[in-house]
Visitor: 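There's a structure below that I have some questions on.
Bear in mind the structure is a predicted one, so any value in this text is a computation, not a measurement.
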Amino acid sequence: MVTRFLVCFVFAVAIASVDCNSEGDALYALKTNLADPHNVLQSWDPTLFNPCTWFHVTCNNYNSVIRVDLSNAGLSGQLVPQLGRLANFNICKELLGNNLTRVIPSEIGNLTKLISLDLYQNQLSGDIPTSLGNLASLRFLRLQSNEFSGTIPLEVFQLVRYGNLHILNVSDNQLVGTVHHTNTTGFAVTEIIQDRAPK
């Protein structure tokens with residue numbers, strides 16, 4: 001009986017270790033794609049057991065990454081698809097005010113526990129990915145002051161219609177089309193902020 005318990009315990013620890021290492025690998029992939037002139041990511045050491053000891057990373061009680069705080073850090077570079085592996089990630093609030101470029105990877109749509117996605121005041125471009133429509137828990141989507149083009153995907157509007165979204169801000173981009181500034185569905189009210197014409 002004791003042997004069986006020990007085997008189960010070792011197995012559980014091994015699974016937790018794999019998850020932590022996978023999340024560390026995902027964040028380290030982000031680090032390697034960013035220029036970091038102020039060394040804010042210096043503690044992001046992939047040889048450590050898990051990323052919960054890294055500065056600017058918050059974990060839950062199970063040593064799983066739930067938040068990254070990197071606002072106005074002078075970072076430049078691009079987001080990486082590996083971020084979609086952060087299964088318990090729920091706040092990506094603090095990547096704002098950097099110099100991130102290129103597109104939002106579609107894999108961000110895998111972060112189904114995400115509550116807040118704040119990527120404003122960067123230089124992100126291209127289309128807003130339709131995969132963001134998978135983020136049913138999302139309450140705040142702030143993408144203003146970037147270089148997005150095209151239209152807001154219908155899948156994202158479904159978050160307004162059926163989800164928990166409170167704020168959708170896509171102003172100061174190069175998007176086309178207009179939408180109503182508020183949407184009321186049941187008890188939910190979503191404030192939508194968008195330019196009426198491309199800049």
Visitor: Quick check for you: to the nearest 0.5 Å, what is the distance between Tyr28 atom OH and Gln82 atom CD?
Guide: 12.5 Å
Visitor: Do the side chains of Leu168 and Ile193 get nearer than 4.5 Å, heavy atoms only?
Guide: no
Visitor: When you measure from the side chain of Gln78 to the backbone of Leu30, do you find a donor-acceptor pair of N or O atoms at a distance under 3.5 Å?
Guide: no
Visitor: Just by modelled atom types, is the Phe55 backbone N or O under 3.5 Å from a matching donor or acceptor in the Trp44 side chain?
Guide: yes
Visitor: With under 30° as parallel and over 60° as perpendicular, where do the rings of His166 and Phe140 fit, or are they tilted in between?
Guide: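 Rings of His166 and Phe140: tilted, 30 to 60°.
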Visitor: Search all heavy atoms of Pro129 against all heavy atoms of Ser106 and return the closest pair with its distance.
Guide: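 Nearest heavy atoms, Pro129 then Ser106: CB-CA, 4.4 Å.
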Visitor: Working note: Ile108 + Leu83, criterion side-chain contact (heavy atoms from CB on, under 4.5 Å); need CA distance, chi angles, decisive distance, verdict.
Guide: CA-CA 7 Å; Ile108 297 295; Leu83 291 175; 3.9 Å; yes
Visitor: Looking only at atom types and distance, does a side-chain atom of Asn39 sit under 3.5 Å from a main-chain N or O of Gln42, one as donor and one as acceptor?
Guide: no
Visitor: Can you tell me how far OG of Ser145 sits from CG of Asn169, rounded to the nearest 0.5 angstrom?
Guide: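 Answer rounded to 0.5 Å: 7.5 Å.
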Visitor: CG of Leu132 to CG of Leu138: how many Å apart, nearest 0.5 Å?
Guide: 8.0 Å
Visitor: So Asn50 and Leu48, side-chain contact (heavy atoms from CB on, under 4.5 Å) or not? Walk me through it.
Guide: CA-CA 6 Å; Asn50 68 48; Leu48 298 177; over 6 Å; no
Visitor: Would you indicate whether the side-chain heavy atoms of Val57 and Cys59 approach each other to under 4.5 Å?
Guide: yes
Visitor: Run Leu70 and Leu41 through side-chain contact (heavy atoms from CB on, under 4.5 Å) and show every step you take.
Guide: CA-CA 9 Å; Leu70 294 170; Leu41 305 178; 3.7 Å; yes
Visitor: Distance from Ile115 atom CD1 to Asn90 atom CG, nearest 0.5 Å?
Guide: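 Nearest 0.5 Å value for the CD1-CG distance: 4.5 Å.
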Visitor: How long is the gap from CG on Asp69 to NE2 on His56, to the nearest 0.5 Å?
Guide: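 So the CG of Asp69 and the NE2 of His56 are separated by 8.5 Å.
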Visitor: Any sub-3.5 Å donor-acceptor pair from Asp45's side-chain atoms to Ser43's backbone N or O?
Guide: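 Side chain of Asp45 to backbone of Ser43, a donor-acceptor pair under 3.5 Å: no, none is there.
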Visitor: For Glu107 and Ser131, test the side chains for any donor-to-acceptor distance below 3.5 angstrom and give the result as yes or no.
Guide: no
Visitor: Are side-chain heavy atoms of Ile128 and Ile104 found at a separation under 4.5 Å?
Guide: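 Not touching, per the 4.5 Å side-chain cut-off.
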Visitor: Decide side-chain contact (heavy atoms from CB on, under 4.5 Å) for Asp127 and Phe148; before the verdict, give the C-alpha distance in whole Å, the side-chain angles of both, and the deciding distance to 0.1 Å.
Guide: CA-CA 6 Å; Asp127 293 334; Phe148 293 112; over 6 Å; no
Visitor: Locate the shortest heavy-atom distance separating Ala35 from Pro37; write the atom from each residue and the value.
Guide: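 What the structure gives for the nearest pair is O-CD, 3.4 Å.
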Visitor: Is Asn99 close to Leu75 at the side-chain level, that is, under 4.5 Å between some pair of heavy atoms?
Guide: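 No, their side chains stay 4.5 Å or more apart.
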Visitor: Check whether any side-chain N or O of Asn122 sits under 3.5 Å from a backbone N or O of Leu124 as a donor-acceptor pair, and report yes or no.
Guide: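 No, because the side chain of Asn122 does not come within donor-acceptor range (under 3.5 Å) of the backbone of Leu124.
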Visitor: Rounded at 0.5 Å granularity, tell me how far CG in Leu34 sits from CG in Leu100.
Guide: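 One gets 6.5 Å once the value is rounded to the nearest 0.5 Å.
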Visitor: Keeping Asn164 on the side-chain end and Arg139 on the backbone end, is there a donor-acceptor pair under 3.5 Å?
Guide: no
Visitor: Return the minimal non-hydrogen interatomic distance between Val160 and Leu165, and the atom names on each side.
Guide: CG2-CD2, 3.8 Å
Visitor: Return yes if some donor-acceptor pair links the side-chain N/O of Asn173 with the main-chain N/O of Asn146 below 3.5 Å, else return no.
Guide: yes
Visitor: Would you say Gln123 has more than 12 foreign heavy atoms packed within less than 6.0 Å of its CD?
Guide: yes
Visitor: Within a strict 4.5 Å, meaning less than it, do heavy atoms of the Leu114 and Phe89 side chains meet?
Guide: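 A side-chain contact exists here, since the closest heavy-atom pair is under 4.5 Å.
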Visitor: Would a distance-only check, ignoring hydrogens and angles, find a side-chain to backbone donor-acceptor pair under 3.5 Å from Asn88 to Asn60?
Guide: no
Visitor: For Thr151, what residues pass the side chain to side chain contact (heavy atoms under 4.5 Å, CB included) criterion, not counting sequence neighbours?
Guide: Val176
Visitor: Identify the heavy atoms of Val40 and Ala73 that sit nearest to each other, and give their distance.
Guide: CG2-CB, 4.0 Å
Visitor: Which heavy atom of Val80 sits nearest a heavy atom of Ala26, and at what distance?
Guide: CG2-O, 4.2 Å
Visitor: Are the side chains of Arg85 and Glu23 in contact, using a 4.5 Å heavy-atom criterion?
Guide: no
Visitor: Quick check: do Leu141 and Val170 have side-chain heavy atoms less than 4.5 Å from each other?
Guide: no
Visitor: Answer whether the closest heavy-atom distance between the side chains of Val65 and Thr58 falls below 4.5 Å.
Guide: no
